[in-house]
Amino acid sequence: GIQVEQSPPDLILQEGANSTLRCNFSDSVNNLQWFHQNPWGQLINLFYIPSGTKQNGRLSATTVATERYSLLYISSSQTTDSGVYFCAVGLAGGTSYGKLTFGQGTILTVHP
Amino acid sequence: DTEVTQTPKHLVMGMTNKKSLKCEQHMGHRAMYWYKQKAKKPPELMFVYSYEKLSINESVPSRFSPECPNSSLLNLHLHALQPEDSALYLCASSHPRGIRSPLHFGNGTRLTVT
């Protein structure tokens, strides 16, 4: 199956710092999503971004599908950004539609 | 507030019990999902329903039995579970095949099997 690698596995920041999280995947995808899981377990969809660039407030994401990677940028981090960030991908085509494979996640801790 | 509602939030059950997890969405989505998440691990897909029909079963043991009574509801029936089945069970929904759509998760049911 498709392999999804996220880096770094852990990231510790001071409030106000910027960061970049990376997601590499091993096959062609037509579905890529970024999620934030807060300390209470709630999974929030940040971006649906199989290609291109999107921005939402302090967060932005870029996917270069031809090179099989995606980046999530967090600017001016806040303590509420703490949690686990997951990248999830779905293979292009056929019967695999609906099947998302998650990376292992990046654990982000933002200190005040 | 999440648009996908899961009940109960917490569930403790013995290995001989039968229980059900419930999920409801009113976003008009016709694809619904069950994921299982163990501590410090990513979610793992269990089942996908598309237009109320089971389209993906990720070789889940038969002690987990999904049901999709209508386009808004998804159930997961549990029977004769093992302690290793203790996990966070997440329901999600999206538009189905052919319509590119983000996945929306509920807050999950935290299950403990004793």
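Lettering of chains follows the sequences in order, A, B, ..., and the numbering in each one begins at 1.
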About how many Å separate CG of Asn107(B) and CD1 of Ile44(A), when rounded to the nearest 0.5 Å?
-> 7.5 Å
Within-4.5 Å side-chain heavy-atom neighbours: Leu88(B) and Gln37(A) = yes
Counting only heavy atoms closer than 4.5 Å, note whether Gln104(A) contacts chain B via side chain, backbone, both or neither.
-> both
Atom group of Glu58(B) that falls short of 4.5 Å from chain A, counting heavy atoms = side chain
Do Leu45(B) and Leu21(B) share a hydrophobic cluster (ILVMFWY, side-chain heavy atoms under 4.5 Å, transitive)?
-> no
Give, as side chain, backbone, both or neither, the part of Leu103(B) having an atom under 4.5 angstrom from any heavy atom of chain A.
-> both
Partner of Pro102(B) by side-chain contact (heavy atoms from CB on, under 4.5 Å), out of Ile49(A), Asn45(A), Leu46(A) | Asn45(A)
Do the side chains of Tyr33(B) and Leu100(A) get nearer than 4.5 Å, heavy atoms only?
-> no
First locate atom CD of Gln33(A), then atom OG of Ser101(B), and finally report the distance between them rounded to the nearest 0.5 Å.
-> 7.5 Å
Could you grab the distance from atom CH2 of Trp40(A) to atom NZ of Lys9(B), nearest 0.5 Å is fine?
-> 15.0 Å
Are Leu111(B) and Phe105(B) joined in one hydrophobic group, where the rule is that I, L, V, M, F, W and Y side chains link up if heavy atoms are under 4.5 Å apart?
-> no
Under 6.0 Å from the NZ atom of Lys38(B), do we count more than 12 heavy atoms belonging to anything else shown?
-> yes
Counting only heavy atoms not in Met27(B), do more than 12 sit closer than 6.0 Å to its CE atom?
-> yes
Quick one: of Gly103(A), Ala88(A), Gly41(A), who has the most non-hydrogen atom pairs under 4.5 Å with chain B?
-> Gly103(A)
Transitive ILVMFWY side-chain link Trp34(B) to Leu43(A), under 4.5 Å | no
Between atom CZ of Phe102(A) and atom NZ of Lys41(B), what is the distance when rounded to the nearest 0.5 Å?
-> 15.0 Å
Single-linkage hydrophobic cluster Phe86(A)~Leu90(B), side-chain heavy atoms < 4.5 angstrom = yes
Go through the atoms of Phe35(A) and report whether side chain, backbone, both or neither lie under 4.5 Å from a heavy atom of chain B.
-> side chain
Over 12 non-hydrogen atoms of neighbours within 6.0 angstrom of CD in Gln55(A) | yes
Could you tell me whether Glu52(B) atom CD has more than 12 heavy atoms of other residues or ligands within 6.0 Å of it?
-> yes
